[in-house]
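For reference, the structure is listed below as structure tokens.
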Amino acid sequence: MPAEQRPGVTVFLTGLSGAGKSTIADALVADLEAEGRPVTVLDGDVVRTHLSSELSFSREDRDLNIRRIGFVAGEVVKHGGTVVVAAIAPYEAAREEARALVERHGRFVLVHLSTPLAVCEGRDVKGLYARARAGQLSGFTGIDDPYEPPARAEVVIDTAQTPLPESVARIREAIDGATAPVP
Ligand SMILES: Nc1ncnc2c1ncn2[C@@H]1O[C@H](COP(=O)(O)OS(=O)(=O)O)[C@@H](OP(=O)(O)O)[C@H]1O
Ligand SMILES: Nc1ncnc2c1ncn2[C@@H]1O[C@H](COP(=O)(O)OP(=O)(O)O)[C@@H](O)[C@H]1O
């Protein structure tokens with residue numbers, strides 16, 4: 001679809017640490033940018049450096065973080081832009097608030113990475129699960145802090161079962177409403 005006719009869209013990747021949010025976000029962004037489609041990326045780690053550096057991982061602060069992300073995404077979508085969010089976003093109410101902020105202006109595609117905790121912990125990309133298990137990090141999602149699975153997600157992907165190119169193709173299908181070829 002020509003860029004000037006395309007409504008803005010936010011793809012919101014949610015899931016446990018190590019579920020594959022950043023990996024899929026990077027591949028999805030590369031896929032979109034290869035078509036000359038600019039993308040605004042709001043990755044949890046980066047947002048927490050630049051926009052939410054004062055926030056903790058309490059429920060209140062996580063919710064505020066997701067609300068900020070939803071607001072920024074909505075502003076970009078308002079002008080027809082494409083946004084990719086990668087954040088744990090463990091609480092249903094905050095995700096739905098972000099959805100509402102975006103859907104005022106365009107489309108919102110929630111992608112739940114349902115990768116099981118045991119797989120995420122086995123990956124332990126940053127060594128945080130080991131620290132949480134050792135009692136050196138408290139309030140870690142999935143260990144001693146909750147993750148509420150989304151009641152309604154446009155796409156659900158378990159990255160223990162789904163190869164990366166298939167994940168990207170499924171999300172492209174949800175965005176474009178047409179089958180994107182698997183590379
Ligand atoms: N207590 C606790 N719980 C969960 N995650 C923690 C915690 N402390 C630090 N980290 C690191 O912060 C990254 C998650 O940040 P988010 O902004 O996505 O979290 S949230 O949406 O506000 O809940 C997360 O990044 P990912 O591993 O990429 O998900 C962690 O590296
Ligand atoms: N099919 C897959 N899809 C996505 N990531 C995968 C897959 N298989 C293995 N991985 C690995 O899982 C890890 C996921 O880490 P990351 O993307 O940083 O997760 P998150 O951003 O959710 O914390 C990466 O090391 C990635 O290479």
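Counting starts at 1 for both ligands and their atoms, in listed order. Just the heavy atoms: all of them, side chains too, but no hydrogens, waters or symmetry mates, feed the values below.
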Under 3.5 Å between some N or O of ligand 1 and some N or O of [X]?
X	answer
P90	no
G139	yes
I88	yes
R62	yes

- Query: Out of I24, V168, T23, who gets a non-hydrogen atom closest to atom 5 (N) of ligand 2?
  - Reply: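 Considering heavy atoms of I24, V168, T23, the nearest to atom 5 (N) of ligand 2 sits in T23.
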- So which of Q161, K21, R123 gets nearest to atom 22 (O) of ligand 2, if we judge by its closest heavy atom?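 Among Q161, K21, R123, the closest heavy atom to atom 22 (O) of ligand 2 comes from K21.
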- Message: Under 4.0 Å from a heavy atom of L16: which atoms of ligand 2 are those, numbered in the order shown and with their elements?
- Response: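 Counting atoms of ligand 2 from 1, those under 4.0 Å from L16 are 22 (O).
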- Message: Closer than 4.0 Å to some heavy atom of S17 - which atoms of ligand 2 meet that?
- Response: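 Going through ligand 2 atom by atom, the ones under 4.0 Å from S17 are 23 (O).
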Is it the side chain (CB and beyond), the backbone, both or neither of [X] that lies under 4.0 Å from ligand 1, heavy atoms counted?
X	value
V47	neither
I66	side chain
F140	both
V125	neither

- Do any nitrogen or oxygen atoms of P163 lie less than 3.5 angstrom from nitrogen or oxygen atoms of ligand 2?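 No; the residue has no nitrogen or oxygen that sits under 3.5 Å from a nitrogen or oxygen of the ligand.
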- Item | Distance-only polar pair, side chains of S138 and D144, donor-acceptor under 3.5 Å |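 Short answer, no.
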Mark the output for [X] as yes if a heavy-atom distance to ligand 2 is under 4.0 Å, and as no if none is.
X	result
G15	no
S167	no
A19	yes

- Task: Establish, for the pair R48 and F57, whether the NZ or CZ atom is under 6.0 angstrom from the six-membered ring centre and no further than 45 degrees off its axis.
- Result: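 That pair qualifies as a cation-pi contact.
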- Task: Report the part of T162 (side chain from C-beta onward, or backbone N, CA, C, O) that has a heavy atom under 4.0 Å from ligand 2; answer both or neither where that applies.
- Result: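 T162 to ligand 2: backbone contact only, side chain stays beyond 4.0 Å.
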- Heavy atom under 4.0 Å from ligand 2: found in V125's side chain, backbone, both, or neither?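 For V125, only side-chain atoms sit under 4.0 Å from ligand 2.
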- ring-ring contact (aromatic ring centres under 6.0 Å, His included) contacts touching residues 68-121 (sequence neighbours left out):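 Only F12-F108, H112-Y147 qualify under ring-ring contact (aromatic ring centres under 6.0 Å, His included).
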- Query: Under 4.0 Å between a Lys/Arg side-chain N and an Asp/Glu carboxylate O for D31 and R170?
  - Reply: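 Between R170 and D31 there is no salt bridge, as every charged N stays at least 4.0 Å from the carboxylate O atoms.
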- Are any of the side-chain nitrogens in E96 or R152 under 4.0 Å away from the carboxylate oxygens of its partner?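 Yes.
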- Task: Please could you name the atoms of ligand 1 that G44 approaches to less than 4.0 Å, counting only its heavy atoms?
- Result: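 Counting from 1, the qualifying ligand atoms are 17 (O), 18 (O).
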- Message: Would a single hydrophobic cluster contain both V155 and I175, if residues Ile, Leu, Val, Met, Phe, Trp and Tyr are joined by side-chain heavy-atom contacts under 4.5 Å?
- Response: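 As far as the 4.5 Å side-chain criterion goes, V155 and I175 are connected within one cluster.
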